[in-house]
There are 2 protein chains.
Amino acid sequence: MLGRNTEVPSCSSNVVHEEVVARVREEMPLEETLYDLAELFKVFGDTTRVKILYALFAAEMCVCDIAALLNMSQSAISHQLRILKQARLVKFRRQGRVVYYSLDDEHVKQIFDQGLTHINELT
Amino acid sequence: MLGRNTEVPSCSSNVVHEEVVARVREEMPLEETLYDLAELFKVFGDTTRVKILYALFAAEMCVCDIAALLNMSQSAISHQLRILKQARLVKFRRQGRVVYYSLDDEHVKQIFDQGLTHINELT
DNA sequence: ATGACATATGAATAGTTGTTCATATGAACA
DNA sequence: TGTTCATATGAACAACTATTCATATGTCAT
(Lines give C-alpha, C1' and ligand atoms only; values in the text may rest on other atoms or scores of the structure.)
Protein backbone atom coordinates (compact mmCIF):
# COMPACT_ATOMS: atom_id res chain seq x y z
CA MET A 1 0.00 0.00 0.00
CA LEU A 2 1.30 3.36 -0.96
CA GLY A 3 -1.23 5.43 0.92
CA ARG A 4 -4.43 7.01 -0.26
CA ASN A 5 -3.65 8.02 -3.81
CA THR A 6 -7.11 7.50 -5.15
CA GLU A 7 -7.97 11.21 -5.20
CA VAL A 8 -4.66 12.55 -6.31
CA PRO A 9 -5.17 14.82 -9.30
CA SER A 10 -3.69 13.44 -12.47
CA CYS A 11 -4.46 14.99 -15.78
CA SER A 12 -2.66 12.70 -18.15
CA SER A 13 -4.50 9.69 -16.86
CA ASN A 14 -8.06 10.77 -17.36
CA VAL A 15 -9.77 13.10 -15.00
CA VAL A 16 -8.51 14.98 -12.02
CA HIS A 17 -11.67 15.20 -9.98
CA GLU A 18 -13.97 12.56 -11.36
CA GLU A 19 -16.84 13.25 -8.99
CA VAL A 20 -16.88 16.93 -9.89
CA VAL A 21 -16.73 16.24 -13.60
CA ALA A 22 -19.49 13.67 -13.33
CA ARG A 23 -21.74 16.00 -11.38
CA VAL A 24 -21.13 18.97 -13.66
CA ARG A 25 -21.76 16.80 -16.69
CA GLU A 26 -25.21 16.03 -15.38
CA GLU A 27 -25.97 19.65 -14.74
CA MET A 28 -24.90 20.78 -18.19
CA PRO A 29 -27.67 21.87 -20.58
CA LEU A 30 -28.15 20.05 -23.85
CA GLU A 31 -25.42 20.41 -26.43
CA GLU A 32 -27.94 21.91 -28.84
CA THR A 33 -29.01 24.54 -26.33
CA LEU A 34 -25.43 25.65 -25.76
CA TYR A 35 -24.86 25.79 -29.48
CA ASP A 36 -27.93 27.93 -30.05
CA LEU A 37 -26.92 30.23 -27.23
CA ALA A 38 -23.47 30.74 -28.70
CA GLU A 39 -25.02 31.38 -32.10
CA LEU A 40 -27.24 34.08 -30.60
CA PHE A 41 -24.33 35.82 -28.93
CA LYS A 42 -22.33 35.55 -32.12
CA VAL A 43 -24.98 37.79 -33.66
CA PHE A 44 -24.42 40.31 -30.86
CA GLY A 45 -20.66 40.04 -31.28
CA ASP A 46 -20.30 42.53 -34.09
CA THR A 47 -20.10 46.28 -33.69
CA THR A 48 -22.23 47.02 -36.73
CA ARG A 49 -25.05 44.78 -35.56
CA VAL A 50 -24.89 46.17 -32.04
CA LYS A 51 -25.17 49.65 -33.52
CA ILE A 52 -28.11 48.67 -35.67
CA LEU A 53 -29.93 47.17 -32.69
CA TYR A 54 -29.28 50.27 -30.59
CA ALA A 55 -30.60 52.41 -33.38
CA LEU A 56 -33.75 50.32 -33.51
CA PHE A 57 -34.14 50.71 -29.75
CA ALA A 58 -34.77 54.35 -30.49
CA ALA A 59 -36.85 54.22 -33.66
CA GLU A 60 -38.10 52.20 -36.57
CA MET A 61 -35.78 52.94 -39.46
CA CYS A 62 -35.35 52.15 -43.14
CA VAL A 63 -32.15 50.65 -44.52
CA CYS A 64 -31.20 54.00 -45.95
CA ASP A 65 -31.54 55.73 -42.59
CA ILE A 66 -29.39 53.16 -40.85
CA ALA A 67 -26.71 53.37 -43.52
CA ALA A 68 -26.65 57.15 -43.17
CA LEU A 69 -26.62 56.98 -39.38
CA LEU A 70 -23.69 54.58 -39.26
CA ASN A 71 -21.96 56.05 -42.30
CA MET A 72 -21.80 52.70 -43.99
CA SER A 73 -22.82 51.36 -47.37
CA GLN A 74 -26.39 50.26 -48.03
CA SER A 75 -25.11 46.83 -48.97
CA ALA A 76 -23.22 46.30 -45.73
CA ILE A 77 -26.27 47.26 -43.69
CA SER A 78 -28.54 45.06 -45.75
CA HIS A 79 -26.27 42.07 -45.24
CA GLN A 80 -26.24 42.60 -41.49
CA LEU A 81 -29.99 43.09 -41.38
CA ARG A 82 -30.36 39.73 -43.00
CA ILE A 83 -28.41 38.14 -40.16
CA LEU A 84 -30.52 39.96 -37.58
CA LYS A 85 -33.63 38.85 -39.42
CA GLN A 86 -32.52 35.20 -39.41
CA ALA A 87 -31.95 35.44 -35.67
CA ARG A 88 -35.49 36.82 -35.33
CA LEU A 89 -34.20 39.93 -33.65
CA VAL A 90 -35.70 42.38 -36.12
CA LYS A 91 -38.83 42.48 -38.21
CA PHE A 92 -39.68 44.62 -41.21
CA ARG A 93 -42.54 46.10 -43.11
CA ARG A 94 -42.52 47.25 -46.68
CA GLN A 95 -44.00 50.59 -47.66
CA GLY A 96 -43.54 51.17 -51.32
CA ARG A 97 -39.88 50.97 -52.14
CA VAL A 98 -38.83 51.56 -48.57
CA VAL A 99 -38.40 48.75 -46.06
CA TYR A 100 -38.71 49.71 -42.42
CA TYR A 101 -36.97 47.65 -39.78
CA SER A 102 -37.82 47.46 -36.10
CA LEU A 103 -37.06 45.30 -33.09
CA ASP A 104 -38.71 41.91 -32.83
CA ASP A 105 -37.55 40.98 -29.35
CA GLU A 106 -38.00 42.64 -26.00
CA HIS A 107 -35.12 40.83 -24.33
CA VAL A 108 -32.31 42.32 -26.35
CA LYS A 109 -32.38 45.54 -24.40
CA GLN A 110 -32.11 43.65 -21.13
CA ILE A 111 -29.29 41.48 -22.42
CA PHE A 112 -27.43 44.58 -23.56
CA ASP A 113 -28.02 46.30 -20.23
CA GLN A 114 -26.59 43.32 -18.38
CA GLY A 115 -23.62 43.40 -20.71
CA LEU A 116 -23.09 47.09 -20.00
CA THR A 117 -23.26 46.40 -16.28
CA HIS A 118 -20.40 43.94 -16.63
CA ILE A 119 -18.36 46.38 -18.70
CA ASN A 120 -18.90 49.22 -16.27
CA GLU A 121 -17.69 47.12 -13.37
CA LEU A 122 -14.29 46.73 -14.98
CA THR A 123 -12.06 49.24 -13.32
CA MET B 1 -8.64 49.52 -45.78
CA LEU B 2 -11.53 51.47 -44.43
CA GLY B 3 -13.40 54.44 -45.79
CA ARG B 4 -11.94 55.55 -49.01
CA ASN B 5 -15.52 56.42 -49.71
CA THR B 6 -16.03 60.10 -50.23
CA GLU B 7 -19.56 59.46 -51.29
CA VAL B 8 -22.17 59.80 -48.59
CA PRO B 9 -23.97 56.47 -48.22
CA SER B 10 -27.38 58.03 -48.31
CA CYS B 11 -29.66 56.46 -50.81
CA SER B 12 -30.96 59.56 -52.44
CA SER B 13 -31.17 62.96 -50.86
CA ASN B 14 -34.85 63.14 -49.99
CA VAL B 15 -35.73 59.64 -49.00
CA VAL B 16 -33.66 59.54 -45.85
CA HIS B 17 -35.62 60.62 -42.82
CA GLU B 18 -33.24 63.23 -41.56
CA GLU B 19 -35.13 64.05 -38.38
CA VAL B 20 -35.23 60.42 -37.33
CA VAL B 21 -31.57 59.91 -38.09
CA ALA B 22 -30.64 63.06 -36.20
CA ARG B 23 -32.66 62.07 -33.16
CA VAL B 24 -31.39 58.50 -33.09
CA ARG B 25 -27.84 59.75 -33.47
CA GLU B 26 -28.22 61.74 -30.29
CA GLU B 27 -29.61 58.79 -28.41
CA MET B 28 -26.84 56.43 -29.49
CA PRO B 29 -24.32 55.44 -26.81
CA LEU B 30 -20.66 56.24 -27.26
CA GLU B 31 -18.84 54.44 -30.04
CA GLU B 32 -16.45 52.97 -27.49
CA THR B 33 -19.29 51.59 -25.39
CA LEU B 34 -20.80 49.84 -28.37
CA TYR B 35 -17.43 48.43 -29.31
CA ASP B 36 -16.85 47.08 -25.81
CA LEU B 37 -20.30 45.56 -25.76
CA ALA B 38 -19.72 43.76 -29.04
CA GLU B 39 -16.36 42.54 -27.75
CA LEU B 40 -18.04 41.08 -24.67
CA PHE B 41 -20.65 39.26 -26.72
CA LYS B 42 -17.93 38.02 -29.04
CA VAL B 43 -16.55 36.18 -26.02
CA PHE B 44 -19.95 34.56 -25.49
CA GLY B 45 -20.21 33.74 -29.18
CA ASP B 46 -18.26 30.50 -29.09
CA THR B 47 -19.64 27.13 -28.08
CA THR B 48 -16.53 26.07 -26.21
CA ARG B 49 -16.51 29.21 -24.08
CA VAL B 50 -20.23 28.95 -23.40
CA LYS B 51 -19.68 25.38 -22.26
CA ILE B 52 -16.81 26.39 -19.99
CA LEU B 53 -18.90 29.10 -18.39
CA TYR B 54 -21.82 26.75 -17.85
CA ALA B 55 -19.45 24.26 -16.26
CA LEU B 56 -18.19 26.97 -13.92
CA PHE B 57 -21.77 27.84 -13.01
CA ALA B 58 -21.88 24.41 -11.40
CA ALA B 59 -18.45 24.13 -9.83
CA GLU B 60 -14.93 25.44 -9.59
CA MET B 61 -12.82 23.32 -11.90
CA CYS B 62 -9.24 22.85 -12.97
CA VAL B 63 -8.14 22.96 -16.61
CA CYS B 64 -7.84 19.21 -16.67
CA ASP B 65 -11.39 18.73 -15.44
CA ILE B 66 -12.80 21.04 -18.05
CA ALA B 67 -10.84 19.38 -20.83
CA ALA B 68 -12.15 15.98 -19.72
CA LEU B 69 -15.69 17.26 -19.36
CA LEU B 70 -15.76 18.77 -22.83
CA ASN B 71 -13.63 16.07 -24.39
CA MET B 72 -11.17 18.59 -25.74
CA SER B 73 -7.42 19.09 -25.55
CA GLN B 74 -5.83 20.81 -22.57
CA SER B 75 -4.31 23.35 -24.92
CA ALA B 76 -7.60 24.33 -26.50
CA ILE B 77 -9.21 24.82 -23.09
CA SER B 78 -6.27 26.81 -21.83
CA HIS B 79 -6.42 29.13 -24.82
CA GLN B 80 -10.12 29.73 -24.26
CA LEU B 81 -9.63 30.29 -20.54
CA ARG B 82 -7.15 33.00 -21.39
CA ILE B 83 -9.82 34.81 -23.40
CA LEU B 84 -12.32 34.44 -20.56
CA LYS B 85 -9.68 35.72 -18.15
CA GLN B 86 -8.99 38.77 -20.30
CA ALA B 87 -12.70 39.54 -20.36
CA ARG B 88 -12.69 39.27 -16.57
CA LEU B 89 -15.32 36.59 -16.65
CA VAL B 90 -13.31 33.99 -14.77
CA LYS B 91 -10.74 34.08 -11.99
CA PHE B 92 -8.28 31.42 -10.89
CA ARG B 93 -6.31 30.22 -7.93
CA ARG B 94 -3.23 28.10 -8.00
CA GLN B 95 -2.85 25.10 -5.73
CA GLY B 96 0.37 23.34 -6.40
CA ARG B 97 0.50 22.39 -10.02
CA VAL B 98 -3.25 22.63 -10.43
CA VAL B 99 -4.99 25.85 -11.41
CA TYR B 100 -8.63 26.14 -10.41
CA TYR B 101 -10.94 28.38 -12.38
CA SER B 102 -14.21 29.88 -11.23
CA LEU B 103 -16.67 32.58 -12.26
CA ASP B 104 -15.73 36.18 -11.68
CA ASP B 105 -19.02 37.78 -12.68
CA GLU B 106 -22.51 37.37 -11.37
CA HIS B 107 -24.20 38.80 -14.46
CA VAL B 108 -23.19 36.11 -16.91
CA LYS B 109 -25.86 33.75 -15.65
CA GLN B 110 -28.52 36.41 -16.11
CA ILE B 111 -27.28 37.28 -19.58
CA PHE B 112 -27.38 33.61 -20.54
CA ASP B 113 -30.85 33.19 -19.08
CA GLN B 114 -32.11 36.12 -21.12
CA GLY B 115 -30.51 34.59 -24.18
CA LEU B 116 -32.23 31.29 -23.51
CA THR B 117 -35.53 33.08 -23.13
CA HIS B 118 -35.10 34.50 -26.60
CA ILE B 119 -34.18 31.12 -28.04
CA ASN B 120 -37.11 29.39 -26.39
CA GLU B 121 -39.54 31.89 -27.82
CA LEU B 122 -38.63 30.91 -31.36
CA THR B 123 -41.38 28.61 -32.48
C1' DA C 1 -43.11 49.86 -71.76
C1' DT C 2 -38.82 52.86 -69.61
C1' DG C 3 -36.30 55.04 -66.00
C1' DA C 4 -35.36 56.01 -61.21
C1' DC C 5 -34.63 54.36 -56.84
C1' DA C 6 -34.66 51.44 -52.40
C1' DT C 7 -33.28 47.14 -51.17
C1' DA C 8 -31.39 42.35 -51.63
C1' DT C 9 -27.89 39.16 -52.83
C1' DG C 10 -23.93 36.34 -54.91
C1' DA C 11 -19.02 36.34 -55.44
C1' DA C 12 -14.58 37.80 -54.10
C1' DT C 13 -11.45 39.21 -50.65
C1' DA C 14 -9.10 40.68 -46.57
C1' DG C 15 -9.23 40.15 -41.83
C1' DT C 16 -10.26 37.32 -37.83
C1' DT C 17 -10.57 33.16 -34.98
C1' DG C 18 -10.30 28.37 -32.88
C1' DT C 19 -7.75 24.38 -32.83
C1' DT C 20 -3.51 21.66 -33.14
C1' DC C 21 1.28 20.93 -32.49
C1' DA C 22 5.42 21.75 -30.29
C1' DT C 23 7.48 23.71 -26.62
C1' DA C 24 7.99 26.57 -22.42
C1' DT C 25 6.98 27.51 -17.59
C1' DG C 26 6.37 26.33 -12.95
C1' DA C 27 5.55 23.39 -9.04
C1' DA C 28 6.01 18.95 -6.47
C1' DC C 29 8.87 15.03 -5.57
C1' DA C 30 12.56 11.40 -5.69
C1' DT D 1 19.84 17.92 -9.23
C1' DG D 2 16.60 15.95 -12.68
C1' DT D 3 11.92 14.10 -13.58
C1' DT D 4 7.10 14.30 -13.79
C1' DC D 5 2.98 16.55 -14.35
C1' DA D 6 -0.44 20.55 -14.89
C1' DT D 7 -0.77 24.51 -17.33
C1' DA D 8 0.52 28.28 -20.58
C1' DT D 9 1.81 29.98 -24.98
C1' DG D 10 3.70 30.97 -29.79
C1' DA D 11 3.27 29.56 -34.52
C1' DA D 12 0.78 27.59 -38.24
C1' DC D 13 -3.33 26.49 -40.55
C1' DA D 14 -8.04 25.84 -41.74
C1' DA D 15 -12.53 27.70 -41.20
C1' DC D 16 -15.26 31.57 -40.82
C1' DT D 17 -16.85 36.52 -41.35
C1' DA D 18 -17.72 41.39 -42.70
C1' DT D 19 -17.23 44.37 -46.24
C1' DT D 20 -17.05 45.73 -51.17
C1' DC D 21 -18.39 45.40 -55.84
C1' DA D 22 -21.48 44.25 -59.27
C1' DT D 23 -25.85 43.06 -60.25
C1' DA D 24 -30.61 41.53 -59.43
C1' DT D 25 -35.27 42.33 -57.57
C1' DG D 26 -39.19 44.96 -56.79
C1' DT D 27 -41.81 49.30 -56.58
C1' DC D 28 -43.31 53.73 -58.16
C1' DA D 29 -43.71 57.36 -61.62
C1' DT D 30 -43.96 58.82 -66.30
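Everything quoted here is computed from the prediction, not taken from an experiment. Every chain is numbered from 1, with letters handed out A, B, ... down the list of sequences.
A donor and an acceptor atom sit less than 3.5 Å apart, one in the side chain of Arg97(B) and one in the base of dT4(D). Side-chain N/O atoms of His79(B) and base N/O atoms of dT7(D) include no donor-acceptor pair closer than 3.5 Å. For Thr48(B) against dT19(C), a side-chain-to-base donor-acceptor contact under 3.5 Å is absent. Judged by distance alone with a 3.5 Å cut-off, no donor-acceptor contact links the side chain of Ser73(A) to the base of dT19(D). One cannot find a donor-acceptor pair under 3.5 Å joining the base of dA6(D) and the side-chain atoms of Gln74(B).
No contact: Tyr100(A) has no heavy atom under 4.0 Å from any strand. Contacts of Phe92(A) with the nucleic acid, taken as non-hydrogen atoms under 4.0 Å apart, are absent.
Atom CG in Leu81(B) sits roughly 16 Å away from atom P in dA6(D) (whole-Å rounding). For the pair Arg93(A) CZ and dT7(C) P, the computed distance is 12 Å after rounding to whole Å. Per the geometry, CD belonging to Gln80(A) stands 11 Å off P belonging to dT17(D), to the nearest Å. One can place CE of Met61(A) at 11 Å from P of dT7(C), the figure rounded to the nearest angstrom. The distance from atom NE2 of His17(B) to atom P of dC5(C) is 16 Å, rounded to the nearest whole Å.
Between Ser78(B) and dT9(D) there is no side-chain polar atom (N or O) within less than 4.0 angstrom of OP1 or OP2. Contact annotation: Arg82(B) side-chain N/O to dT7(D) OP1/OP2 distance is not under 4.0 Å. Contact annotation: Tyr101(B) reaches the phosphate of dA8(D) (side-chain N/O to OP1 or OP2, under 4.0 Å).
Few gaps surround CD on Glu106(B); more than 12 heavy atoms of other groups in view lie less than 6.0 Å from it.
Pairing partner, dG26(D): dC5(C), with both Watson-Crick or wobble hydrogen-bond distances short of 3.5 Å.
Of all the heavy atoms in Tyr101(A) and Val63(A), the pair that sits closest is CE1-CG2, 3.6 Å.
Phe57(A) and Phe112(A) have perpendicular rings, their planes meeting at more than 60° on a 0 to 90° scale where under 30° would count as parallel.
In this structure, Lys42(B) fails the cation-pi test against Phe41(A), since its NZ or CZ atom is not both closer than 6.0 Å to the six-membered ring centre and inside 45 degrees of the ring normal.
Among the nucleotides dT7(C), dG18(C), dT9(C), the one closest to any side-chain atom of Cys64(A) is dT7(C).
In this model, no donor atom of one side chain and acceptor atom of the other lie less than 3.5 Å apart for Gln80(B) and Arg82(B).
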